[in-house]
Amino acid sequence: VHRLITYIFIYEDLISLTCGAVIIWYFAGSFEKSVGTVKHCILTATFSVLSALLYLFLEPLVSRLLEVGDAKGFMPVAFATLGVSTTRSRMKRTVVLGYRVPVVLVPWFGLCVAWFIPHSSLLGNLCGLLVGEAYGLGYCFCLDFPESVASKLDRVFPFTLLRRIPGLKYIPGSLAERRASPNSKINPVPGTYPTQSYHCPSPLALPASQHPGAQSQGF
């Protein structure tokens with residue numbers, strides 16, 4: 001049973017490990033910023049288990065027609081988070097390779113690209129994408145929990161320990177706290193920047209007897 005989660009940490013070689021690290025940094029990082037660290041951790045484990053169960057259900061059927069590779073690495077969970085982001089995005093279209101395409105088609109384009117990554121399971125990635133889109137469309141509403149619960153979990157172990165780790169950026173579970181964090185950097189207290197103590201003096205008035213052309217040239 002534990003392999004329903006631990007498979008996301010298995011990599012065959014350095015190339016697949018590097019691709020997994022890039023995927024975790026890009027997709028999982030942006031997803032964590034939108035939902036918070038608590039919800040991200042819980043949904044990562046949930047997407048991992050659901051994707052593995054769906055893979056085990058479809059593998060005997062698909063293996064009769066095609067060669068199916070073992071699901072390994074974080075990529076199925078990354079496709080699940082990508083499916084959630086695209087189904088809940090307010091954007092209708094985006095630019096891919098110079099062409100404007102619907103946002104909902106972006107994960108399917110990425111699925112075709114991931115086919116060429118070494119030791120990547122097409123069925124495993126597909127299962128992750130289906131789980132993410134089902135969650136994003138609201139079919140797995142039982143997995144959602146309010147922000148008040150996430151805020152309470154922020155003050156519970158082990159999330160309190162994650163807050164204290166130096167160099168680790170912890171994202172609060174409350175939307176108000178997530179919005180307040182960047183605003184505190186964008187709107188500093190007046191007088192905190194040294195450049196705010198300087199002002200641009202008005203240009204000195206030139207003598208009226210000077211030629212207008214020379215006055216404009218001096219200005």
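Below, each value reflects all heavy atoms present in this structure, side chains not excepted, and no hydrogens, waters or symmetry copies.
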Under a side-chain separation threshold of 4.5 Å, the hydrophobic residues clustered together with L61 are none
side-chain hydrogen bond (donor to acceptor under 3.5 Å, both in side chains) with S85: which residues, sequence neighbours excluded? none
F57-L126 co-clustered via ILVMFWY side chain contacts under 4.5 Å: yes
Tell me, please, which residues at least two apart from T37 pass side-chain hydrogen bond (donor to acceptor under 3.5 Å, both in side chains). E32
Please answer: with hydrophobic residues joined when any side-chain heavy atoms are less than 4.5 Å apart, are L17 and V22 in the same cluster? no
If you link ILVMFWY side chains whenever their heavy atoms are less than 4.5 Å apart, which other residues fall into the same cluster as Y139? By chain and number, please. L137
Cluster question for you: counting only ILVMFWY and a side-chain heavy-atom cut-off of under 4.5 Å, with indirect links fine, are W115 and L105 together? no
Walk me through it: do Y7 and S48 pass the test side-chain contact (heavy atoms from CB on, under 4.5 Å)? CA-CA 8 Å; Y7 74 93; S48 174; 3.3 Å; yes
Look at the side chain of T86 and the backbone N and O of G83, then say whether any donor-acceptor pair between them is shorter than 3.5 Å. yes
Does atom CD1 (I15) have a neighbourhood of more than 12 heavy atoms from anything else shown, all under 6.0 Å? no
Decide yes or no for F79 and S51: does some side-chain heavy atom of the first lie under 4.5 Å from some side-chain heavy atom of the second? no
Backbone of V104 reached by a side-chain donor or acceptor of T87 within 3.5 Å: no
Kindly state each residue pair satisfying side-chain hydrogen bond (donor to acceptor under 3.5 Å, both in side chains) with at least one member in residues 9-21, sequence neighbours excluded. E12-K72, D13-S16, D13-H119
Are L56 and M75 connected in a single hydrophobic cluster, I mean Ile/Leu/Val/Met/Phe/Trp/Tyr linked by side-chain heavy atoms less than 4.5 Å apart? yes
Sorted by chain and number, sequence neighbours left out, ring-ring contact (aromatic ring centres under 6.0 Å, His included) with F47 holds for Y135
Is any side-chain heavy atom of L129 less than 4.5 Å from a side-chain heavy atom of W108? yes
Closest contact, heavy atoms only, G132 versus V84: O-CG2, 3.2 Å
F74-I10 co-clustered via ILVMFWY side chain contacts under 4.5 Å: no
